[in-house]
Amino acid sequence: GENVEQHPSTLSVQEGDSAVIKCTYSDSASNYFPWYKQELGKRPQLIIDIRSNVGEKKDQRIAVTLNKTAKHFSLHITETQPEDSAVYFCAAGGGSARQLTFGSGTQLTVLP
Amino acid sequence: SAVISQKPSRDICQRGTSLTIQCQVDSQVTMMFWYRQQPGQSLTLIATANQGSEATYESGFVIDKFPISRPNLTFSTLTVSNMSPEDSSIYLCSVEGEGNYGYTFGSGTRLTVV
């Protein structure tokens with residue numbers, strides 16, 4: 001089955017700096033790679049996703065890049081703000097199995 | 001994207017008892033997914049529920065412990081049976097979005113077993 005590794009597990013940045021979270025996956029059949037933001041006590045919220053026919057996708061301050069050859073994808077947050085502080089999860093899915101496999105999560109703290 | 005109503009939002013249960021969690025979706029969906037999130041951990045898939053067939057369980061999860069019902073395309077239940085303190089977790093249901101992308105989650109059930 002799919003295995004997703006995510007790092008770093010914790011990340012602290014100064015407000016206004018950029019944050020990068022990286023994930024690798026094992027199943028070459030996976031073709032869908034979403035990122036979720038989970039604030040304390042709340043459900044995971046989809047913030048951006050990318051499909052395997054695209055190398056990069058951007059939505060305002062958030063961008064995701066995908067390298068299918070190397071089987072890794074990354075989340076980039078620019079101009080970070082305190083409200084970006086949360087746990088971020090990457091996931092991989094699609095292919096023959098439609099369920100998502102999640103990475104272990106990254107606790108992002110944006111320091112004012 | 002689909003809107004999911006999940007209940008109860010939280011419960012405190014005695015060991016040895018069972019709790020049934022319900023998820024209602026505002027549109028018809030083929031597949032529903034049940035996840036467990038232990039404190040401070042990631043999301044682990046318990047099972048996939050299809051309407052009209054038995055759920056498919058992931059390694060480490062069995063039907064006797066986590067029976068699932070899927071009576072129609074908008075509703076599913078997960079029961080946590082014969083609970084022990086190790087079952088204390090958040091349980092979440094999830095559905096696919098349009099085109100089998102954009103999975104969304106219910107609000108979660110925070111279960112504490114004492």
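The sequence lines fix the lettering, A, B, ..., with proteins before strands; numbering per chain opens at 1.
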> If you count heavy-atom pairs under 4.5 Å with chain A, which of B:Ser94, B:Gly40, B:Ser107 comes out on top?
Replying inline: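 The option with the most such pairs is B:Ser107.
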If you count the non-hydrogen atoms of other residues, nucleotides and ligands that lie under 6.0 Å from [atom1] in [X], is the total more than 12?
X	atom1	result
A:Gln81	CD	yes
A:Glu83	CD	yes
A:Lys68	NZ	yes
A:Glu15	CD	yes

> Got a second to check how far B:Leu45's CG is from A:Thr101's OG1, nearest 0.5 Å?
Replying inline: 7.5 Å
Are [Y] and [X] connected in a single hydrophobic cluster, I mean Ile/Leu/Val/Met/Phe/Trp/Tyr linked by side-chain heavy atoms less than 4.5 Å apart?
X	Y	value
A:Val20	A:Leu11	no
A:Phe102	B:Tyr103	yes
B:Leu73	B:Phe33	no
B:Leu92	B:Phe66	no
B:Phe105	B:Ile4	no

> In terms of heavy-atom proximity below 4.5 Å to chain A, should B:Thr30 be classed as side chain, backbone, both, or neither?
Replying inline: side chain
Is the closest side-chain heavy-atom distance between [X] and [Y] below 4.5 Å?
X	Y	result
B:Leu43	A:Phe89	yes
A:Leu100	B:Tyr35	yes
B:Gln37	A:Gln38	yes

> Are the side chain of A:Arg43 and the backbone of B:Gly108 linked by a donor-acceptor contact shorter than 3.5 Å?
Replying inline: no
> Just by modelled atom types, is the A:Gly105 backbone N or O under 3.5 Å from a matching donor or acceptor in the B:Ser42 side chain?
Replying inline: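 No: the side chain of B:Ser42 does not pair with the backbone of A:Gly105.
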>> Can you list the residues of residues 10-28 of chain B that sit under 4.5 Å from chain A, counting heavy atoms only?
In response: none
>> Filter on disulfide bond (SG atoms under 2.5 Å apart), then keep only pairs touching residues 11-65 of chain A, sequence neighbours left out; what's left?
In response: A:Cys23-A:Cys90
> Just one of B:Met31, B:Glu58, B:Glu96 clears the side chain to side chain contact (heavy atoms under 4.5 Å, CB included) bar with A:Gln99, so which one?
Replying inline: B:Glu58
> Measuring heavy-atom distances to chain B, does A:Pro44 have an atom under 4.5 Å in its side chain, in its backbone, in both, or in neither?
Replying inline: both
